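In what follows, a structure is listed as structure tokens, so that the remarks can point back to it.
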Amino acid sequence: FIDSLTASCSVGVMVAREMGLPHNARDIFLDNEQDEAYIMGQLAKIKNIARKHKSAIAICHPYPETIAVLAREVPKFKSEGITLVSASAFVRQ
């Protein structure tokens, strides 16, 4: 279970823990604003979080602006030492 933390009173992680489910919560929302410059800034923040903590969770919507940024930037991740994994693989780690 990945909690998007879109509600300040979320109990998702607590309930997942109680049920014994693998769980985690997002670190950053990439596209609260549908603007490529904003999304690039959020992407830079999540990369910094990943480097500092050795992992990070970003979530987003399939907005055209988000897709454009990800299509352009994700291929660069490997050369930056960042590996993308599925949510299910991440919560098992």
Side-chain angles (χ1 to χ4, degrees):
F1 173 76
I2 301 290
D3 194 337
S4 65
L5 300 176
T6 54
S8 61
C9 58
S10 177
V11 296
V13 169
M14 181 185 69
V15 172
R17 185 179 303 122
E18 288 173 0
M19 296 179 67
L21 294 173
H23 61 278
N24 216 313
R26 63 112 172 132
D27 292 296
I28 207 161
F29 216 112
L30 294 179
D31 56 1
N32 283 332
E33 296 178 24
Q34 296 158 38
D35 172 78
E36 287 195 21
Y38 176 85
I39 296 165
M40 285 293 294
Q42 294 297 89
L43 206 52
K45 288 178 185 177
I46 198 67
K47 288 178 188 181
N48 288 334
I49 292 168
R51 288 183 186 108
K52 183 176 181 180
H53 299 285
K54 307 296 183 208
S55 65
I57 299 173
I59 63 173
C60 60
H61 296 94
Y63 297 132
E65 297 85 356
T66 309
I67 300 294
V69 170
L70 293 177
R72 188 175 61 243
E73 298 300 319
V74 165
K76 302 174 187 175
F77 281 20
K78 187 173 183 176
S79 67
E80 297 176 35
I82 297 172
T83 303
L84 296 180
V85 299
S86 68
S88 59
F90 185 84
V91 295
R92 288 189 202 117
Q93 293 179 3

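Keep in mind that what you see is a predicted model, and the values were worked out from it rather than measured. What you see below is based on every heavy atom in this structure, not just the backbone, and it leaves out hydrogens, waters and symmetry mates.
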Practice prompt. Please list, chain by chain and in numerical order, all residues satisfying ring pair (Phe, Tyr, Trp, His ring centres under 6.0 Å) with Tyr38, sequence neighbours excluded.
Written response: none
Worksheet item: So Ile46 and Leu43, side-chain contact (heavy atoms from CB on, under 4.5 Å) or not? Walk me through it.
Response: CA-CA 5 Å; Ile46 198 67; Leu43 206 52; 4.1 Å; yes
Fill in: Thr6: side chain to side chain contact (heavy atoms under 4.5 Å, CB included) partners, not counting sequence neighbours
Ser4, Phe29
Practice prompt. Return the set of residues passing salt bridge (Lys or Arg N to Asp or Glu O under 4.0 Å) with Lys76 (not counting sequence neighbours), or none when no residue passes.
Written response: Glu73
Is there a path of hydrophobic side-chain contacts, each under 4.5 Å between heavy atoms of I/L/V/M/F/W/Y residues, joining [Y] to [X]?
X	Y	result
Ile59	Leu84	no
Phe77	Met40	yes
Leu70	Val85	no

Worksheet item: Of all residues at least two apart in sequence or in a different chain, which pass the side-chain hydrogen bond (donor to acceptor under 3.5 Å, both in side chains) check with Asp3?
Response: Ser10
Fill in: Pair listing, salt bridge (Lys or Arg N to Asp or Glu O under 4.0 Å) test, anchored in residues 27-49, at least two apart
Glu36-Arg72, Lys47-Glu80
Fill in: Shared-cluster residues of Ile67, by chain and number - hydrophobic side chains joined below 4.5 Å
none
Could you list the donor-acceptor pairs under 3.5 angstrom formed between side-chain atoms of residues 13-24 and any protein atom two or more places apart in sequence or on another chain?
from  : atom 1 : to    : atom 2 : distance (Å)
His23 : ND1    : Leu21 : O      : 2.9

Discussion item. Is there a side-chain contact (heavy atoms from CB on, under 4.5 Å) between Tyr63 and Leu30? Walk through the geometry before answering.
Written reply: CA-CA 11 Å; Tyr63 297 132; Leu30 294 179; over 6 Å; no
Worksheet entry | Minimum side-chain heavy-atom gap Ile49-Ile57 below 4.5 Å | no
